[in-house]
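Reckoned from all heavy atoms, side chains included, excluding hydrogens, waters and symmetry mates. Whatever order the structure lists them in is the order used to number ligands and atoms, beginning at 1. We're numbering straight along the sequence, starting at 1.
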Amino acid sequence: MDEGGTVPPTPELEQKLRGARLRVTRPRLAVLTAVRDHPHADTDSIIGVVRANIGEVSHQAVYDVLRALTAAGLVRRIQPSGSVARYESRLGDNHHHLVCRSCGVIVDVDCAVGATPCLTASDDRGFTIDEAEVVFWGRCPDCSTQPHTTQSSARS
Ligand SMILES: [Zn+2]
Ligand SMILES: [Zn+2]
């Protein structure tokens, strides 16, 4: 159904922008809302959601907003190898990701054990470690129940 293009008020997101010393603008709110509602979305999906909400916005504008939000620490950019950049607004809990090798779906997994960084390096080489980034690769339940097929069936 058509929602009429009205953006619901998002006081807590406005507060986040102000807290990060970013001016509150419609594109910024729309991008932040899209990332919050669609965790791990890629840029193209975010642009689609933003356009559905506030109308025409240029790709460049959305890229710029994503860069500003990432730099301000309001959005986290993740990029599993072989994947385009994805964005999420679940921050600061040092959670990790499960990635399906077959369909590319990304799922959150809570911190492995305890608090940040939740993993102990066998040798920290004198670093003060504050974060560990782990990607668990495998096949999601949907894919693992299907017979193994090669992803790119070459057609001549
Ligand atoms: Zn899958
Ligand atoms: Zn996540």
Thr33 side chain to Leu29 backbone, donor-acceptor under 3.5 Å: yes
Angle, SG of Cys100 through the Zn ion (ligand 1) to SG of Cys140 - 10° precision: 110°
Donor-acceptor contact present, side-chain Arg28 to main-chain Arg23, <3.5 Å: yes
Donor-acceptor contact below 3.5 Å, side chain Gln79 vs main chain Ser83: yes
His95-Asp108 side chain donor-acceptor pair, cut-off 3.5 Å: yes
OD1 (Asp108) - the Zn ion (ligand 2) - NE2 (His97) angle, nearest 10°: 100°
Residue His96, metal the Zn ion (ligand 2), N/O/S under 2.8 Å: no
Cys143 atom SG and Cys103 atom SG as seen from the Zn ion (ligand 1), angle to 10 degrees: 110°
Atom name in Glu88, limited to N/O/S, at shortest distance from the Zn ion (ligand 2): OE1
Side chains of His38 and His40, donor plus acceptor under 3.5 Å: no
